[in-house]
Every structure is written in structure tokens, then in C-alpha cells.
Amino acid sequence: MSVSLRGRPAWVLACAMLLAVAAAGAQTLPQLVRATSSGYVIGYVSEDDDSVRVFLGVPYAEPPVGDLRFRPPQPAIPGRLPIDALFEPPSCMQAPYREGGFYAQPLSEVSEDCLYLNVWTAAESENDRLPVMVWIHGGALTRGSGSLPLYDGTALARKGAVVVTVNYRLGPFGYLAHPALSAESDQGVSGNYGVLDQIFALQWVRDNIATFGGDPDRVTIFGESAGAWSVNVLQASPLARGLFHRAIGQSGGFFDGLPVLHSPEDGSAESAGEAFAKRLGIEGGDAAARLRELDAGTILAEASKQGAFATRPNVDGWVLPKQIAEIYRTGEQADVPVLVGSNRDEATSLMGRMLPSNKSGVEFLVKSQFPDVADEFFEAYPVPDDAAARRAFIDAFSDRVFAWHMKTWAALSETVPSPAWLYFFSHAPPHPEKDFYGAYHAAEIAYAFDNLDKLDYEYAEEDHELAEAMSGYWVAFASTGDPNPLGGPDLPAWPEFRPDMARHLEFGSTIETGNHLHRDRMALWDRFFEVTQP
């Protein structure tokens, strides 16, 4: 009979588990104890499913504090006692979302000491070799945590995957570039610390996931929004090669360009970092040491001011040798199957009440932001009157910021042998303001994780059926590299994406296949980015 250990005093757990380990021997560890490179970790039985064991707050790197701030991650040093992996770890340094905003929620403990991951597994032994799904959270690279309730891995573990969620450094702590930091690097680079954290976590998974019953040769990385940005970068980075074998990107890509690390002109990542350091009162040759001496709260407070710091990875010649689009165009990305897509109404939750409500407002925005394609814009997104303005803007924003990137990601996958699959999520969850928000940004997460119970909505049977189907496709993809399940529920066949047919699967009131998603609209953004991207 399984008994939950959550809430037991840590020293009691440590003593009990040490005795169990000593009695059982290292080869037959109790199911709630795992031996890792970070030390022995003690988990607990999921309160939602007693077949699933949970390990929260497992350190995968040393705390990036003091002299390790603004440096690549370093291996976690095992302690003498087991780690009681029973409680959510602190989130990485971040400011709370704006009060009253769509994504606002209570902010848990934040700390620079945040490089932890969580594991959910239903494996009975190391020999199970289950597919592994590593989730990279979103939040614009400035917010978020791998421990949000929506990312609970119990349901996916029940379906046959070992699920890992990861914290990584955010904001300037994860992405500050500066000439002084580059000068002390063996590679002559700086910034991209958050990317290096993700790579380091994947190395930890490679080396340790077998002890949780996972297969280190079947690792899928998946993420939404900034998590999908990160998946996009990891597939492009030579440093992550071989650490994962499939990739899922949900609403996020960097095919419109990233800042370069060094540049004689304004706009480089280093020049932006110098400007930010100057805001902190730091200039001169000792900038690196002084940046490390600053209180973390001071750095966060300054970065949280409007326009103070733009958090992005950079093209440094090491983590990213070239622009993302160029890497994919030349087939230099990791040759792995990809599953990518976006949502119909991404703009609603991101723009909220700032969405333009009349024809003149849309015309002003288009002519000021997209002058090169303004005339073509209104052919692709007709705005005959005020009533059509809001819908046209939602469609254009969602296409420009998300759908175009996902279509491009799928299309550029033809440069490597591995296949691609494209989806479009058009189902509106039963949010209290469903008619306003529709299929909003991040709406698909609860369905992909089969975690509808984590949101306080009044779900209908069709919602549960959709969640069962989506999570089934996701786990099948993690298992075989093809989202079409072998056996199990009778789901519509998901065709591969090929540029000539451009097939996709739409998750709406029903699940249906389609081809050439928004062809004319996508062609507009193809022309726009040909002119504007680096």
C-alpha cells in the first residue's frame, strides 16, 4: 500500500530512507528514493494518482550566486544527507505580473538559488525505459516556474511518460550580456545563461533519468511561449546536440531575428547590457565584479522598469553561431522530429482591453508598424468597418507574433530528414469571459497536460475529450517521434507537414485536418520578414 510522505519532517525522512537504502542496497532502491549525481533524492506518492511518484526541487546545478552569478551553470555538489524532494523549489528571480492582469497569480518564493527541476514517474523500475518529456516554462523569459500547478506531470506520467519540469535563470540574471562579462569568458561571450541552464538540465536528464525509469535516448523537449522560444533555440544550438530526440513548440519562435552579441553599431546585446549596467550606476573596467556585488533585488527592480532591459538570447557564435532562421534554412539545426503550432486568439489575453475597437485605430497601427506591407495588409485582413476591426487585429497579431513562426518552423524542417507536424488550436476554453478571450495565448496547455482540473472553469464533456486526445498525441510523439498513437483511442490521423500540401491538425470543437493554414495571411508575413529580418 502506497502512503504519501508529503509533510513528514525532513530529518525523519532522511533517517528512514537512509536505513531503507542501506538495507536494500543501491541496485534495489525503494521507489521513493533515487540515486542521482546530485545525491540521493526522496520523493512522495502523488496525491492524485498513487501509481505516480513525484520528486520536487531536485538541484541540477550549484546555486548561481556570488561569484557564479552571470556565469555558466556548474554541477550540483551532492550533500551528505539525502535531498527531501518533497516541496516546490523557489522560482527564479522575477517580478509579479501586473495585478488584475490575465496571467496574474500569487508569486511564490523567488531566489537566485533556483536551478531545480521536478520529476513525475509511474515507472516500476529502471528497466521500464519510458519516454521522457522535459517541459520548459513560458513567461517572456522574465517570469514563470516549472512548479506551476498547470504543469503538474501526474496525468502525462499516468499515460506513460516520465515528466520533468525545469527552472532556468530569467531576465538579466539569465540573459545579461556585457563586454566585461564576455572578457572573462573562455569563449569570449556573455548572456545566454538561461539557455545554458536549460542545456545543463538536459545533461542532468541524460545522466540521471534512467534511475526514474526514463529512457535517455527518447527525450522530448516541449514548451509554450518563451518555452517554445527556448525549444527553438535549443534545436538551433550545437551545444544541445544529442541531448533530446524530439521537439514540441507551442506558440513561440525566433525566426524574425535576435540581437548579436558584438556589433560596432547600436543594438548589440553587449551595448544593451552596458546601458543597463549604467542604469545601475556601473561603468568601467571592474563592471563584472560590481555587477556580482549588487543585491539581487536591486537588479530585479531596475530590470522591471519599463524599457530598462529587453530579455532575449543573443547570437554569440557559441551557443548560437548564427541567426535562428539561417541555421534552419541551411539544415544545421538538430535533426529531430518537431511538432509545432499556435492558437487562434493569441492576442486577446496579451493585449486585453488595449485591442483596437475601430477601423481608424487599426489603420494607424498598421501604417506605423508595417509600412512596407500596409496596402497588402488590408487585403489579407479586411477592415471594412469598425465592427471588423477587433477581429482583424486579433488575427494579424496572432499571425505575426505566433502562427507565422510556427508555420516557418514546420516548413524549414524540410532541410533535415526528420518530419514535422503542425497544429492549430481554435477551441475556446470555458473562461468566464469566453466570448472575449476565445482560444487565448496558453489556452492549450491545460489540454496538452490533461490538467483541466488545475483551472477553475466549468468544463464540458467536449473539453475532457479534447484534453484526452491532445495529451495522447503529445505522449505518442514523445514515445515514437510520430503523434499518431499506436492503438488506444481512435483519433483522427495527423498528417505530416510538407511545404507543398502544408497539412495541419486543428483542435477545435472537433479535431479535423486542413491544409495551407491561412495561406494568404501567411504569404503577407513571408514578404514582410523578407524585408525586415536580419
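In this text the structure is predicted, and so the values were computed from the model without any measurement. The figures here come from the full heavy-atom set of this structure, side chains too, leaving out hydrogens, waters and symmetry mates.
In this model, no donor atom of one side chain and acceptor atom of the other lie less than 3.5 Å apart for N314 and Y175. Between the side chains of Q250 and S225, no donor-acceptor pair of N or O atoms lies under 3.5 Å. Side-chain contact check for S251 and E224: no donor-acceptor pair (N or O, by modelled atom type) lies under 3.5 Å. When only modelled atom types and interatomic distance are considered, E270 and S182 share a side-chain donor-acceptor pair under 3.5 Å. At a cut-off of 3.5 Å, with distance as the only test, no side-chain donor of N343 or S398 sits close to an acceptor on the other residue. Side-chain N/O atoms of Y103 and S349 include a donor and acceptor closer than 3.5 Å. T165 and N118 form a side-chain donor-acceptor contact under 3.5 Å, judged by distance and modelled atom types alone.
G331 and T415 make their closest contact through CA-OG1, 3.4 Å (heavy atoms, listed as atom of the first residue, atom of the second, distance). Across every non-hydrogen atom of G341 and L422, the tightest pair is CA-CD1, 4.2 Å. Taking all atoms of both residues into account, the shortest heavy-atom contact from A296 to M93 is CB-CE, 3.9 Å. Closest non-hydrogen pair, H427 versus A439, comes out as O-CB, 3.4 Å. The shortest heavy-atom contact between G438 and R344 is CA-NH2, 4.1 Å. Closest approach of H245 and R218 over heavy atoms only: ND1-N, 3.6 Å.
Of the charged side-chain nitrogens involved, at least one lies within less than 4.0 Å of a carboxylate oxygen, so that K322 and E332 count as a salt-bridged pair. Under a 4.0 Å N-O distance rule, the pair K407/D526 qualifies as a salt bridge. Note on E512 versus R503: no salt bridge recorded, every NZ/NE/NH1/NH2 to OD/OE distance being 4.0 Å or above. The pair E376-R527 counts as a salt bridge, with a side-chain nitrogen and a carboxylate oxygen less than 4.0 angstrom apart. Under a 4.0 Å N-O distance rule, the pair E112/R69 qualifies as a salt bridge. A salt bridge is absent between D395 and R400; no separation between the charged side-chain nitrogens and carboxylate oxygens falls under 4.0 Å.
Ring pair F276/F309 is tilted by interplanar angle, where 30° to 60° counts as tilted. In this pair, F393 and F397 present their aromatic rings tilted. The plane angle is within the 30 to 60° band. The aromatic rings of F529 and W525 sit tilted relative to each other, their planes meeting at an angle between 30° and 60°. Taking the six-membered ring where tryptophan is involved, the planes of W494 and Y473 are perpendicular, since the angle between them exceeds 60° and thus also 30°. Ring geometry for Y447 versus F425: interplanar angle of 30 to 60°, hence tilted. Aromatic ring orientation, W204 versus F212: tilted (interplanar angle from 30° to 60°). Between W135 and Y151, the ring planes lie tilted relative to each other; the angle falls in the 30° to 60° range. Between F70 and F173, the ring planes lie parallel to each other; the angle is under 30°, not in the 30° to 60° tilted range.
Few gaps surround CZ on R241; more than 12 heavy atoms of other groups in view lie less than 6.0 Å from it. Within 6.0 Å of CZ in R206 there are more than 12 heavy atoms belonging to other residues, nucleotides or ligands. Heavy atoms of other residues, nucleotides or ligands lying less than 6.0 angstrom from CG of D375 number 12 at most.
Ring to ring, F102 and H441 are not that close: their centroids are 6.0 angstrom or more apart. The ring of F254 has its center closer than 6.0 angstrom to the ring center of W229. Checked against the 6.0 Å centroid criterion, the rings of W474 and Y423 qualify as a close aromatic pair.
At distances below 3.5 Å, at least one donor-acceptor pair connects side-chain atoms of H405 with backbone N or O atoms of F255. Judged purely by atom type and a 3.5 angstrom limit, Y60 has no side-chain atom pairing as donor or acceptor with the backbone of V205. Put simply, the side chain of S190 never gets that close to the backbone of A177: no donor and acceptor are under 3.5 Å apart. Under the 3.5 Å distance criterion, the side-chain polar atoms of N484 are left unmatched by any main-chain donor or acceptor of A493. N167 places a side-chain N or O within 3.5 Å of a backbone atom of G146 that can act as its donor or acceptor partner. In this structure, R246 contributes its side chain and A478 its backbone to a donor-acceptor pair below 3.5 Å. At least one donor-acceptor pair closer than 3.5 Å links the side chain of S237 to the backbone N or O of V319. Counting only distance, with no hydrogens or angles, the side chain of R71 and the backbone of D67 share a donor-acceptor pair below 3.5 Å. Side-chain atoms of R521 do not come within 3.5 Å of backbone N or O of D399 as any donor-acceptor pair.
With values rounded to the nearest 0.5 angstrom, D197 atom CG is found 11.0 Å from L202 atom CG.
Every residue two or more places apart in sequence or in another chain that forms a side-chain hydrogen bond (donor to acceptor under 3.5 Å, both in side chains) with S185 is listed here: Q187.
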